[in-house]
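These numbers come from the heavy atoms of this one structure, side chains and all, not from hydrogens, waters or symmetry mates. This structure is a prediction, so every number in the text was calculated from the model and none was measured. Counting starts at 1 for both ligands and their atoms, following the listed order.
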Amino acid sequence: MECSVGYDSAMNQTIIVTGANRGLGLELTRQLSRTGHEVIATVRKVDEADHLADLAHEIHELEVTRPESVAAFAASIKGRPIDVLINNAALGGVLEQHDLEKMLDYFNVNALGPLRLVRAVLPNLRAGQRKLIVNISSKMGSIEANQSGGSYGYRASKAALNMITKNLALELEGDGFTSVVIHPGWVKTDMGGPNAQITVEESVASVLGVIGQLSEKDNGSFLDLDGTMLPW
Ligand SMILES: NC(=O)c1ccc[n+]([C@@H]2O[C@H](COP(=O)([O-])OP(=O)(O)OC[C@H]3O[C@@H](n4cnc5c(N)ncnc54)[C@H](OP(=O)(O)O)[C@@H]3O)[C@@H](O)[C@H]2O)c1
């Protein structure tokens, strides 16, 4: 697919961004708001999100591992059309290979979290114009591209997110939805670390360029930040 930089649109859209308090979520909120979109930003601690006050249209509490938190968030936006859901929140870091119990945390945040949210806000998305679900995944979730191993929890949970997204794409395509996973690059955030290849500004401008161009023909794709296809 073709890619432009940034997400300008003739029509202002309402967009949910999870994990909006820092890293890519914060920059997604900043760039989307700057281009006139209404961002519903979610964070785990609203009382520590003062820095979002001037950026987001509104700020909501959301802990994606807790069904009651997801339900409360969905209830707070009940009846409102949402154009785009960006499932960005995730757990990163290197997991000791044998810490199997900790792996459950990765699955809970990175794979089940986005699915919980899709299920909870599906009525809002059905009422929206774009019917777009963007799950921020990672090249580290690609089985084919895995050349170095390690990071069991993160890799496996992102591979699970990829499968979940493909399932959603198949389940919802008849209803006019587009569901994709996007790799944002290796980015200088708390998760990506200081040696990462690109800044949050660069990553988000490119990712939003891709999101801006998405249409139903992209349904079920695993896309790099420049819009090219990644291997599953
Ligand atoms: N940075 C990279 O190089 C890179 C590369 C590939 C993919 N990605 C993906 O890009 C996305 C954003 O990454 P990032 O680098 O911006 O990460 P980050 O700086 O570590 O930020 C992670 C965000 O997720 C939130 N979060 C974590 N657990 C949560 C939970 N249980 N419920 C709700 N929110 C939760 C965090 O909130 P708190 O502040 O409350 O912890 C924070 O807002 C992730 O999906 C990541 O996997 C990043």
Which residue and atom name correspond to the protein heavy atom nearest atom 22 (C) of ligand 1, and how close is it? A90 O, 3.7 Å

Hey, are T228 and D226 close enough side-chain-wise for a donor-acceptor pair under 3.5 Å? yes

Residue, atom name and distance, where the atom is the protein heavy atom closest to atom 2 (C) of ligand 1: V187 N, 3.5 Å

Is any side-chain heavy atom of S215 closer than 4.5 Å to a side-chain heavy atom of T178? no

Output the list of atoms in ligand 1 that are nearer than 4.0 Å to some heavy atom of D190, sorted by atom number. 19 (O)

Taking C-beta and beyond as the side chain, do F177 and L122 meet within less than 4.5 Å on heavy atoms? yes

Closest protein heavy atom (residue, atom, distance) for atom 34 (N) of ligand 1: A89 CB, 3.4 Å

How long is the gap from OG on S76 to CG on L62, to the nearest 0.5 Å? 9.0 Å

Look at atom 4 (C) of ligand 1 and say which protein heavy atom is nearest, naming residue and atom and giving the distance to 0.1 Å. G185 O, 3.7 Å

Nearest 0.5 Å, what's the CD1-CG distance between I86 and L32? 5.5 Å

Relative to ligand 1, is L62 under 4.0 angstrom through side chain, backbone, both or neither, heavy atoms considered? backbone

Give a yes/no on ligand 1: does P184 have at least one heavy atom closer than 4.0 angstrom to it? yes

Using a strict cut-off of 4.0 Å, indicate which atoms of ligand 1 neighbour a heavy atom of W186. 3 (O)

Which of the atoms of ligand 1 are close to G23, meaning less than 4.0 Å from one of its heavy atoms? 16 (O), 19 (O)

Check contact between K45 and ligand 1, using heavy atoms of the residue and a distance below 4.0 angstrom. no

Which atom pair, heavy atoms only, marks the closest approach of A74 to A120? CB-O, 3.6 Å

Measure the distances from the heavy atoms of S137 to every atom of ligand 1 and state whether one is below 4.0 angstrom. yes

By number and element, which atoms of ligand 1 are closer than 4.0 Å to a non-hydrogen atom of G192? 1 (N), 2 (C), 3 (O)

Run the salt-bridge test on R66 and E63 with the 4.0 Å N-O cut-off and return the result as yes or no. no

Using 30° and 60° as the class boundaries, would you call the ring planes of W232 and F222 parallel, tilted or perpendicular? tilted

Check this for me - ligand 1, G19, N or O atoms closer than 3.5 angstrom, yes or no? yes

For ligand 1, note which part of K158 has a heavy atom under 4.0 Å away: side chain, backbone, both or neither. side chain

Does any N/O atom on A20 come nearer than 3.5 Å to any N/O atom on ligand 1? no

Could you establish whether V109 and ligand 1 come within less than 4.0 Å of each other, counting only heavy atoms on the residue side? yes

Test item: E38 and I15 side chains (from C-beta on) under 4.5 Å apart, heavy atoms: no

In the protein, what heavy atom is nearest to atom 43 (O) of ligand 1, and what distance, to one decimal place, separates them? N21 OD1, 2.6 Å

E202 versus T199, closest heavy-atom pair with distance: OE1-N, 2.9 Å

Checking side chain to side chain donor-acceptor pair (under 3.5 Å) against N135, which of N88, N110, N87 comes through? N87

Go through the side-chain N and O atoms of S142 and E144 and say whether any donor and acceptor fall under 3.5 Å apart. no

For ligand 1, the portion of T189 having any non-hydrogen atom under 4.0 Å away: side chain

How far is atom 30 (C) of ligand 1 from the closest protein heavy atom, and which atom is that? E63 OE2, 3.5 Å

How does R44 reach ligand 1, if at all, at less than 4.0 Å between non-hydrogen atoms: by side chain, backbone, both, or neither? side chain

for atom 12 (C) of ligand 1, nearest protein heavy atom and its distance come out as N88 OD1, 3.1 Å

Counting non-hydrogen protein atoms only, what is the nearest one to atom 36 (C) of ligand 1? Give residue, atom name and distance. R22 NH2, 3.7 Å

Assess whether a salt bridge exists between R22 and E27, defined as any Lys/Arg side-chain N lying under 4.0 Å from an Asp/Glu carboxylate O. no

Quick one, V64 and R116 - any side-chain contact, counting heavy atoms below 4.5 Å? no

Is there a polar contact, in the sense of an N or O pair closer than 3.5 Å, between Y154 and ligand 1? yes

Contacting atoms of ligand 1, where contact means under 4.0 angstrom from a heavy atom of T65: 31 (N)

